Colleague: 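Following this message is one structure expressed as structure tokens.
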Amino acid sequence: MRYLPLTADDRAQMLAVVGAAKLEELFVDVPAAARLPGLIDLPRHAGELEVERALTAMAGRNRAAGAGPFFCGAGAYRHHVPASVDHLIQRSEFLTSYTPYQPEIAQGTLQALFEFQTQVAALTGLPAANASMYDGSTACAEAVMMAARVTRKRRAILSGGVHPHYDEAAHTLAHSAGIETVRLPAAIDGEAAVLEAIDADTACVVVQTPNVFGQVTDITAIAAAARAAGALTIVVTTEAVAFGLLKSAGEMGADIAVAEGASIGVGLNFGGPYVGLFACREALIRQMPGRLCGETVDAAGQRGFVLTLSTREQHIRRDKATSNICTNAGLCALAFTIHMSLLGGTGLGALARINHARARRLRDALAAIDGVEVLTARFFNELAIRLPKPASEVVGALAAGGILAGVPFSRLDPEAGFDDVLLLAATEMTTDQDIAALQGALEAELGR
Amino acid sequence: MRYLPLTADDRAQMLAVVGAAKLEELFVDVPAAARLPGLIDLPRHAGELEVERALTAMAGRNRAAGAGPFFCGAGAYRHHVPASVDHLIQRSEFLTSYTPYQPEIAQGTLQALFEFQTQVAALTGLPAANASMYDGSTACAEAVMMAARVTRKRRAILSGGVHPHYDEAAHTLAHSAGIETVRLPAAIDGEAAVLEAIDADTACVVVQTPNVFGQVTDITAIAAAARAAGALTIVVTTEAVAFGLLKSAGEMGADIAVAEGASIGVGLNFGGPYVGLFACREALIRQMPGRLCGETVDAAGQRGFVLTLSTREQHIRRDKATSNICTNAGLCALAFTIHMSLLGGTGLGALARINHARARRLRDALAAIDGVEVLTARFFNELAIRLPKPASEVVGALAAGGILAGVPFSRLDPEAGFDDVLLLAATEMTTDQDIAALQGALEAELGR
Amino acid sequence: MSVSAVGRPTRPENEAAPAGHGHGLTQDEPLIFELGGWDKTGVDLPDEAAPLNDLADLTRNGLRLPGLSEPEAVRHYVRLSQKNHAIDLALYPLGSCTMKHNPRLDEKLARLAGFADLHPLQPIATVQGALELMEALAHWLKTLTGMPAVALSPRAGAHGELCGLLAIRAAHEARGDARKSVLAPTSAHGTNPATAALAGYQVIEIAQTADGRVDLADLAAKLHDDVAAVMVTNPNTCGLFEREVLEVARLTHQAGAYFYCDGANFNAIVGRVRPGDLGVDAMHINLHKTFSTPHGGGGPGAGPVVLSEALAPYAPTPWLTHGPKGFDLTEHPAGEAAASLGRLSAFHGQMGMYVRALAYMMSHGADGLRQVAEDAVLNANYIKARLGGELSLAFPEGPCMHEALFDDDWLAGSGVTTLDFAKALIDEGFHPMTMYFPLVVHGAMLIEPTETEPRRELDRFCDAVLELAAAVRAGDVERFKGAPFRAPLRRLDETLAARKPRLAWTPQP
Amino acid sequence: MSVSAVGRPTRPENEAAPAGHGHGLTQDEPLIFELGGWDKTGVDLPDEAAPLNDLADLTRNGLRLPGLSEPEAVRHYVRLSQKNHAIDLALYPLGSCTMKHNPRLDEKLARLAGFADLHPLQPIATVQGALELMEALAHWLKTLTGMPAVALSPRAGAHGELCGLLAIRAAHEARGDARKSVLAPTSAHGTNPATAALAGYQVIEIAQTADGRVDLADLAAKLHDDVAAVMVTNPNTCGLFEREVLEVARLTHQAGAYFYCDGANFNAIVGRVRPGDLGVDAMHINLHKTFSTPHGGGGPGAGPVVLSEALAPYAPTPWLTHGPKGFDLTEHPAGEAAASLGRLSAFHGQMGMYVRALAYMMSHGADGLRQVAEDAVLNANYIKARLGGELSLAFPEGPCMHEALFDDDWLAGSGVTTLDFAKALIDEGFHPMTMYFPLVVHGAMLIEPTETEPRRELDRFCDAVLELAAAVRAGDVERFKGAPFRAPLRRLDETLAARKPRLAWTPQP
Ligand SMILES: Cc1ncc(COP(=O)(O)O)c(C=O)c1O
Ligand SMILES: Cc1ncc(COP(=O)(O)O)c(C=O)c1O
């Protein structure tokens, strides 16, 4: 068994040192009835070759996104990740280390986290970022909980532009804590309606830009209104590349920014692992969930980094902790940081413009199709269109022809009555040929 | 330009330090006529995404060996390499270091080389191995040159079982040095004829086992006869997995063993990079080509390793060197060593038996086909068959159907009159289904 | 030249290197923000200046972040990596963390385009292999635990705890039974009480017996009809098997509560004991512990939760189903999944971790996994035996499971604390053990070697601990108080960090 | 506790660690043969005991080699890796070696199954993409050098030299002109004379001028009709461009000889100067230098040779051709290739290196490669300028190309040798420069930074050198004689190694 170093001899000798006659003696505390005498009914061990064959076959029964024209977005975006990123995160010292509890021998991870936090702070325009959450949706749910703690109010308003999965995750978490989540009706321009919904009981408003329909909104007025009502403003972003171009949450006056960071450095991974970004105003630091890395000095006065403010955390504060999170998205945060260190502000800006440019070309191609209505007026790299028939049918038909044409909104929210709405994203990976192929296939499918 | 750290500012400031008004001044020594004023007529720089797309497309225009039943051998064998091997050789400290000229900061490479040499010595049964040659064929050619140096004779006899490429490479190298290479006629049992060819002018005999037809030979008698005639015996092995099962060169009395090591740890790579193994008797050490790693101690008495006996080498001995080799196959040697460290003697033995077992099943399947004659009586994992029509035609036809049926001997040696001979290898990668598919296709092709 | 007793010149080694230099093979490395590159980028992109007219007033006011060329970035992060300990470097005996070897095959397979380059919302027909893999993983997990259902989507252990408690809450609520509290032992991992609180429950602690197990009498006394669940870790955080687990389950069920088992320590019993045979209703499994997906310096992990028949209907969405058209996902609570507790996070969970965990399980097989548990327990008992004579065992009686727990009795009066001792271990090349956890043991030192440690490494570790223990007894207090001496940094000032939090780099004024 | 001047406790750092322990993050590691595992294996294989009756007396008598489990093997080699310097760690200023950054994209692409999992003797129809890649690489190399032909198959620079000289030999022989000698400057790399000798030529040295170039008068004097070739490195091994290269070519050709250029230093001029414009007949290109395939601790590399019209007919097999059915390989000297010098090695060369080199070239493009040369030369001149005041330049006049050459004049009388100085650099975190090469310069120190070094690293390096130079002048000889102090090992006894060669581990008696 290739992962087990002990030999039969080792085992015998070690048992002798332990003073046990046989291995079973070490399991005496297990109730006899629960001690399995033989092997569980599962296959026996398999060599690398066999395992590789089996899983490669399974992988082959999927259609990889890169296999043809591809337009899916809706919270997960396909971007190019430099090869050096994946190489570096696989270094033993990063890959096979634990949470940096012993800072003297974890400065590699800690310094990278400090860089991550600094980058996230710059991207969101909010000064204090944590060391990552599981993903964007759980970051959003935690932000709602945090807002309730900060404001001591129990009602969260979510715009109709918030990704339905984010809404559901927030609802699930908030519900049991007795916090009400109110989702406004799904609407392309969903953020606008939030303004009226704010009242004195509002703990927070959750808005998304670009929202799930791709619409970009300046939420400055909403944040001002929320502040006036004693509520916090939480801005969600599911496409981190948008940070390269669009106004940051901080610039617009938000209190908390949460985002899905997977677009930078991480990749699609069928939805996980991803990396949640979480940043807030300075004053709220002690209410933040998750790990924080901070600067300090060592006994010789040299600069170093440690996990800090851990009195907020479960392992110290237990049932009074700001969150239960322990394992987070460390390695994905590292990937994010490395990719971001390569891009820099300049590179992310350029990348964002390319994304926007391709999305404009996509918009133009779609708008030219008879029967297709482009719904999103102000988009970054994603937009919603209305089709003359159910979007899921169209997507199914195009998939059969090798084109992954996007995400039917009904897949996210079957109740919204938006069965004819299709969400499509374009990124730097989208070529003009891809767009032309989509246009042709859509025209054919719609019989134009 | 992502691989170039200097900015325009850096360049300007550095030029100022250098004291040059412009960059061109640094190229004053180039004759004016040869200074290109503008860009060479080649594409401009390209992003990772673009390069990756272009090369992935080229890769897609090949049929990977793993895409279907596969039986090619003839000096390159398809084996499974554990994922940890490729992971480890990509560590920066191994991948991006130079030849270990500064042993104090190269113990990683050096200790691995010492392990490599020890493994090669055990595998070949000869005590002194070097730190790798380019590949098996150049190792063989160098062995011939070495034998001529040692014996001060100028004639090498190569058996009719030696891989024709090895023969050609030896001939190319020996020719200009005035050393004659005599290749005996190609024959399944090609080693047998060597015995009669040995005479007093013979510097060395070169025999191969398993030979290019897959035939395994005990060359004890040949080695004895050569020794009696004052000649050295060089044993070639192109399939390193055979070391797990077959008598070693040392056991059979050879003076020098050379081998292609790519079967262990390296992979097919369309023929390169590979790794040449080279081992010999203790007494011949100072005539060996290539780098040698040796044990020593540091100033504090701790064990360490260094490159040694470099007075044999080009950088010290220049035109008196035992070889001109400088860059060798370091990283492939490391891959070999890591894979071999995982296998151990036990694992290599088991692997060799599996290879043999699969080859026997292949033999049985082929022997059952009407019109096919199995030529190789005593094989390890490869055998030659005679077909009722030109082997290249048959291979071409089967390739069109997705089966890579092996190597026509005529591909290696079109003059041998063996157009109807096909070489086929089976390894642990060969499944019963592969064999059945081959059998079926062959029967169909041969119209049986 | 001054030469120390052992013949090593003491200079220039013990002079600080001039600022900004390396030392031998270790390189100093500033933050990326101190490397310049404010106007450059290490990514070559085509020139494509899109008009921004649609976004007129929506664009940001610059973004100041440095970009590094690839050579600089690679060197920067390689240098940083040099400052980490890792399981690939040496034994990493963090109790409760199961720092075992991470197979490289798993990394390779998780990167196959057919898994890594899949969008979570592609048409179901185009991801049948992915769902097949999830189904296979579910089958392994259910079979190994002897439980009828599993929710794969939780993103880590704590998220799994939340999943389990929310399922329990949903089950109670479905009966109109709004219970208010959760019982958990004081020895519980911090996530247990934190999760219970997050799930809206009051946490009540159960006492522990002198031999490190749940105090049944206390449990029985505290179990009443307001208790929603009893959370017990088994094997527990003292590294001991809860002998009376069947009685815990019986009492719990008798009170109408559910039995939540924290399965973080499943590694000790995998293949030998099925939690389903112990009366468990819900248990999370940290794939990043028992099933060896890499810890990655803090994550990501995955925390699937196996569920009993009673709780299965409340499992979170998405539900994985198998119909005539192949595999499918039920993504919203409706129909069959109407009782579901809802969605825990976007999409379908940690696919990348599923691939790794399944590859790991298939590699080991039923036989290998059983051996995993045996070797993990044997290794821990070996350490217990070798160190038990010098250090003070928290629970000397009987065997331990996968980890050996010591307290700081033996340090009493020495001037050396658990923390000091742990830091001194760094100088010997090892990562410290888990310290001061579980809370029930004074100055706890929790040592979990895992099954992937060879005997030689266990001995190296025990020798180092024993040698340090001898130094404690010899009164060599400075060796501990100042430790570590040989790490990239000396002991860090955590108080300073917390007093004036600096969480991001800012330009020097 | 004794505290040194800078506040660092001096113990236990300067005590040797107990044998077999690590120190902080660095781990001691024995040989695999000392780890046990003689009867085990780290590879799981199916049970398949084939009958061996066909091989009765041909099987070996056991094979004693240890097998390690994967955790052990991974740890072993990771620990070993910690003891290496690498370009990814810091500047690696080995003159003549072109230690530049190795892009990770290239590693990824070389591993695509469509390249890595190809057998060299698959039917040509199944490897059209591979041949297309070779053709593309050939096109780039020919265009960059301005030469009409290229032989890709040589496996490293020295193999390329052999290829070139054998082509020259074949060309002479084809004319019935059996020439006997090759001229090369004393400054030539050792492979030049070694290759010439291997190719059956006598090597005659050409003198060098005071400014570090070929002495034309000496060349003219030695050129006669027995000279087969003149081998000149350009830019040469002193880091200087051979100003009179056109004259060298003219004289060579006038004598009926061929002009072989050692292209190891092509990095300095790529994109700016084409060797084809300089009268070169043959030149090898180390893909592992100029085109950045990784050095890998000694190899593998690749040494394609560009050839003039005159030599092209003699190129080694295989020949890559393009016909109506696509790409093809002529594998034997016959037909069109009848004059070929024959085969240099099995199969078709270093495919894995071709993929990397092509990816590198395409990434840089014509513009980027030109910039490569400019930055490489600028970086070297920057070092020359910064260090020239303190160290003695071998050729102070005029600019250098890609490397700066110093001699040991400035060390005279200091008691510090070039070797000592180089070893002291290790303590500062840098790899030493190339030492004692070229032979024409006393105590040579040859510094090649390459274009992938950022200015900050150049400054770090120059600061370290200058600080050491100050220490030399201050008479701090012990800092050098004993160096390195901070490396994994102290200075190694190379004499002992050569006196009693121990080339393999043997069991302790
Ligand atoms: C006993 C125990 N329970 C729960 C957890 C939490 O798991 P995770 O970190 O995956 O959220 C841990 C992790 O350390 C643990 O040790
Ligand atoms: C000038 C010069 N020529 C030739 C060579 C030999 O090249 P290789 O090591 O690739 O055989 C080298 C390598 O260091 C060199 O520097």
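Quantities reported herein were computed from a predicted structural model and do not represent experimental measurements. Naming: A, B, ... by sequence-line order, numbering from 1 per chain. Only heavy atoms go into these numbers, but all of them, side chains included; no hydrogens, no water, no symmetry mates.
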Colleague: Less than 4.5 Å to any heavy atom of chain C: does that hold for the side chain of Leu412(A), its backbone, both, or neither?
Modeller: both
Colleague: Has the side chain of Asp319(A) got a donor or acceptor atom that lies under 3.5 Å from a matching backbone atom of Ala197(C)?
Modeller: no
Colleague: Verify whether the ring centers belonging to His315(A) and Phe437(C) lie closer than 6.0 Å.
Modeller: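 No, too far apart.
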Colleague: Where the side chain of Arg490(C) meets the backbone of Pro484(C), is there a donor-acceptor pair that is under 3.5 Å apart?
Modeller: yes
Colleague: Once rounded to the nearest 0.5 Å, what's the spacing between atom CG of Asn328(A) and atom NE2 of His159(C)?
Modeller: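 Result: 13.0 Å between the selected atoms.
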Colleague: Counting only non-hydrogen atoms closer than 4.5 Å, does Met145(A) touch chain C with its backbone (N, CA, C, O), its side chain (CB onward), both, or neither?
Modeller: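 The side chain, not the backbone.
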Colleague: So Thr109(A) and Asn84(C), side chain to side chain donor-acceptor pair (under 3.5 Å) or not? Walk me through it.
Modeller: CA-CA 7 Å; Thr109(A) 294; Asn84(C) 273 1; 2.8 Å; yes
Colleague: For Leu246(C), is it the side chain, the backbone, both, or neither that has a heavy atom closer than 4.5 Å to a heavy atom of chain A?
Modeller: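 Contact with chain A involves the side chain of Leu246(C) alone.
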Colleague: Need one label for Ala158(C): side chain, backbone, both or neither, based on atoms under 4.5 Å from any heavy atom in chain A.
Modeller: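 Contact with chain A involves both backbone and side-chain atoms of Ala158(C).
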Colleague: Between Glu25(A) and chain C, which part of the residue has a heavy atom less than 4.5 Å away: side chain, backbone, both or neither?
Modeller: backbone
Colleague: Please classify the contact between Leu245(A) and chain C as side chain, backbone, both or neither, with a heavy-atom cut-off of under 4.5 Å.
Modeller: both
Colleague: Do Thr172(A) and Pro316(C) have side chains that get closer than 4.5 Å, going by heavy atoms?
Modeller: no
Colleague: Taking Gly347(A), Ser341(A), Gly344(A), Ala357(A) one by one, which has the highest count of heavy-atom pairs under 4.5 Å against chain C?
Modeller: Ser341(A)
Colleague: Between Leu404(A) and chain C, which part of the residue has a heavy atom less than 4.5 Å away: side chain, backbone, both or neither?
Modeller: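 Just its side chain gets close to chain C.
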Colleague: Does a side chain donor of either His119(C) or Arg78(A) reach within less than 3.5 Å of an acceptor in the other side chain?
Modeller: no
Colleague: Count the heavy atoms belonging to other residues, nucleotides or ligands that lie under 6.0 Å from CZ of Arg370(C), then report whether that count exceeds 12.
Modeller: yes
Colleague: Under 4.5 Å from any heavy atom of chain A, what part of Trp38(C) do you find: side chain, backbone, both or neither?
Modeller: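 For Trp38(C), the backbone is the part near chain A, not the side chain.
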Colleague: Find the one option among Glu331(C), Met361(C), Glu494(C), Lys384(C) whose heavy-atom pairs under 4.5 Å with chain A are most numerous.
Modeller: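 Top option by heavy-atom pairs under 4.5 Å: Glu331(C).
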Colleague: Against chain C, label Ile89(A) side chain, backbone, both or neither, depending on which of its atoms sit under 4.5 Å from a heavy atom there.
Modeller: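 For Ile89(A), side-chain heavy atoms alone lie under 4.5 Å from chain C.
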Colleague: Given heavy-atom pairs under 4.5 angstrom as the criterion, report whether the side chain, backbone, both or neither of Glu107(C) touches chain A.
Modeller: side chain
Colleague: Among His175(A), Glu295(A), Arg291(A), which residue has the highest count of heavy-atom pairs closer than 4.5 Å to chain C?
Modeller: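 Max contact count across the listed options: Glu295(A).
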Colleague: Please classify the contact between Arg318(A) and chain C as side chain, backbone, both or neither, with a heavy-atom cut-off of under 4.5 Å.
Modeller: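 Both backbone and side chain.
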Colleague: Sort Ile32(C) into side chain, backbone, both or neither according to what part of it lies under 4.5 angstrom from a heavy atom of chain A.
Modeller: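 Backbone plus side chain of Ile32(C), per the 4.5 Å heavy-atom cut-off to chain A.
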Colleague: Measure the shortest side-chain to side-chain distance between Pro432(C) and Ile105(A) over non-hydrogen atoms and say whether it is less than 4.5 angstrom.
Modeller: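 Yes; the side chains approach each other to less than 4.5 Å.
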Colleague: Identify which part of Leu348(A) has an atom lying under 4.5 Å from any heavy atom of chain C, answering side chain, backbone, both or neither.
Modeller: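 Just its side chain gets close to chain C.
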Colleague: Contact between Trp505(C) and Phe114(A) at the side-chain level, heavy atoms closer than 4.5 Å - yes or no?
Modeller: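 Touching, per the 4.5 Å side-chain cut-off.
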Colleague: Check whether any side-chain heavy atom of Leu166(C) sits under 4.5 Å from a side-chain heavy atom of Ser176(A), and report yes or no.
Modeller: yes
Colleague: Of the backbone (N, CA, C, O) and the side chain (C-beta and beyond), which part of Arg2(A) lies under 4.5 Å from a heavy atom of chain C, both, or neither?
Modeller: side chain
Colleague: Taking Gly114(C), Pro120(C), Pro66(C) one by one, which has the highest count of heavy-atom pairs under 4.5 Å against chain A?
Modeller: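 Heavy-atom pairs under 4.5 Å are most numerous for Pro120(C).
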Colleague: I'd like to know which of Leu496(C), Leu378(C), Asn379(C), Leu94(C) tops the heavy-atom pair count under 4.5 Å against chain A.
Modeller: Leu378(C)
Colleague: What part of Arg169(C) gets closer than 4.5 Å to chain A, counting heavy atoms only: side chain, backbone, both or neither?
Modeller: side chain
Colleague: Tell me, side chain or backbone of Val245(C) under 4.5 Å from chain A's heavy atoms, or both, or neither?
Modeller: side chain
Colleague: When heavy-atom pairs shorter than 4.5 Å are enumerated against chain C, which of Cys332(A), Gly304(A), Ala169(A) gives the highest number?
Modeller: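 Going by pairs under 4.5 Å, I would pick Ala169(A).
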Colleague: Against chain A, work out which of Glu374(C), Lys40(C), Glu453(C) has the most heavy-atom pairs shorter than 4.5 Å and name it.
Modeller: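 Ranked by contacts with chain A, first place is Glu374(C).
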Colleague: Using heavy-atom distances under 4.5 Å, tell me whether Met99(C) contacts chain A through its side chain, its backbone, both, or neither.
Modeller: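 Side chain only.
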Colleague: For chain A, which candidate among Leu240(C), Thr59(C), Asp277(C), Leu278(C) shows the most heavy-atom pairs at distances under 4.5 Å?
Modeller: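 Most heavy-atom pairs under 4.5 Å with chain A: Thr59(C).
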Colleague: Within this structure, what is the CD-NE2 distance for the pair Glu93(A) and His85(C), rounded to the nearest 0.5 Å?
Modeller: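 Nearest 0.5 Å value for the CD-NE2 distance: 10.5 Å.
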Colleague: Listed by chain and number, what are the salt bridge (Lys or Arg N to Asp or Glu O under 4.0 Å) partners of Arg35(A), not counting sequence neighbours?
Modeller: none
Colleague: Is it the side chain or the backbone of Ala116(C) that comes within 4.5 Å of chain A heavy atoms, both, or neither?
Modeller: both
Colleague: Ignoring hydrogens and angles, state whether a donor on the side chain of Ser137(A) or Glu168(A) is under 3.5 Å from an acceptor on the partner side chain.
Modeller: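 Side chains of Ser137(A) and Glu168(A): no pair found under 3.5 Å.
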Colleague: Does any backbone or side-chain atom of Ala74(A) lie under 4.5 Å from a heavy atom of chain C? Answer side chain, backbone, both or neither.
Modeller: both
Colleague: Determine whether Cys72(A) and Phe70(A) make a side-chain contact, defined as any pair of heavy atoms from C-beta on separated by less than 4.5 Å.
Modeller: yes
Colleague: Under a 4.5 Å heavy-atom cut-off, does chain A meet the side chain of Asn102(C), its backbone, both or neither?
Modeller: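 Contact with chain A involves the side chain of Asn102(C) alone.
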Colleague: Determine the option with the most heavy-atom pairs under 4.5 angstrom with chain A, choosing from Met401(C), Gln350(C), Met353(C), Arg272(C).
Modeller: Arg272(C)
Colleague: For Gln90(A) and Asp86(A), which I'm curious about, is there any donor-acceptor pair between the side chains at under 3.5 Å?
Modeller: yes
Colleague: Please look at His189(C) and chain A and tell me whether the side chain, the backbone, both or neither of the residue comes under 4.5 angstrom of a heavy atom of that chain.
Modeller: both
Colleague: Could you check whether Glu115(A) and Tyr77(C), counting side-chain N and O atoms only, form a donor-acceptor pair closer than 3.5 Å?
Modeller: yes
Colleague: Does any backbone or side-chain atom of His364(C) lie under 4.5 Å from a heavy atom of chain A? Answer side chain, backbone, both or neither.
Modeller: both
Colleague: Check each atom of Cys293(A) against the heavy atoms of chain C and say whether the ones under 4.5 Å are side chain, backbone, both or neither.
Modeller: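 It is the backbone, since no side chain atom gets that close.
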Colleague: Please look at Leu343(A) and chain C and tell me whether the side chain, the backbone, both or neither of the residue comes under 4.5 angstrom of a heavy atom of that chain.
Modeller: both
Colleague: Between His431(C) and chain A, which part of the residue has a heavy atom less than 4.5 Å away: side chain, backbone, both or neither?
Modeller: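 Both the backbone and the side chain of His431(C) come within 4.5 Å of chain A.
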Colleague: Report the option among Thr56(A), Thr311(A), Leu88(A), Leu4(A) that has the most heavy-atom pairs separated by less than 4.5 Å from atoms of chain C.
Modeller: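 Highest number of heavy-atom pairs under 4.5 Å: Leu4(A).
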Colleague: Which atoms of Ala399(A) are under 4.5 Å from chain C, going by heavy atoms: the side chain, the backbone, both sets, or neither?
Modeller: side chain
Colleague: Please tell me if the side chains of Leu118(C) and Leu268(A) come closer than 4.5 Å, counting only heavy atoms from C-beta onward.
Modeller: no
Colleague: Which atoms of His171(A) are under 4.5 Å from chain C, going by heavy atoms: the side chain, the backbone, both sets, or neither?
Modeller: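 It is neither, since no heavy atom gets under 4.5 Å.
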Colleague: Could you check if a side-chain atom of Arg360(A) sits within less than 4.5 angstrom of a side-chain atom of Leu52(C), using non-hydrogen atoms only?
Modeller: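 Sidechains of Leu52(C) and Arg360(A): no contact.
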Colleague: Would you tell me whether Thr138(A) and Arg155(C) have side-chain atoms, one donor and one acceptor, within less than 3.5 Å of each other?
Modeller: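 Judged by distance alone, the side chains do not pair up.
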Colleague: So for Ala136(C), is it side chain, backbone, both, or neither that comes closer than 4.5 Å to the heavy atoms of chain A?
Modeller: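 When you check distances to chain A, only side chain atoms of Ala136(C) fall under 4.5 Å.
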Colleague: So Glu104(A) and Asp298(A), do their side chains get closer than 4.5 Å, heavy atoms only?
Modeller: no
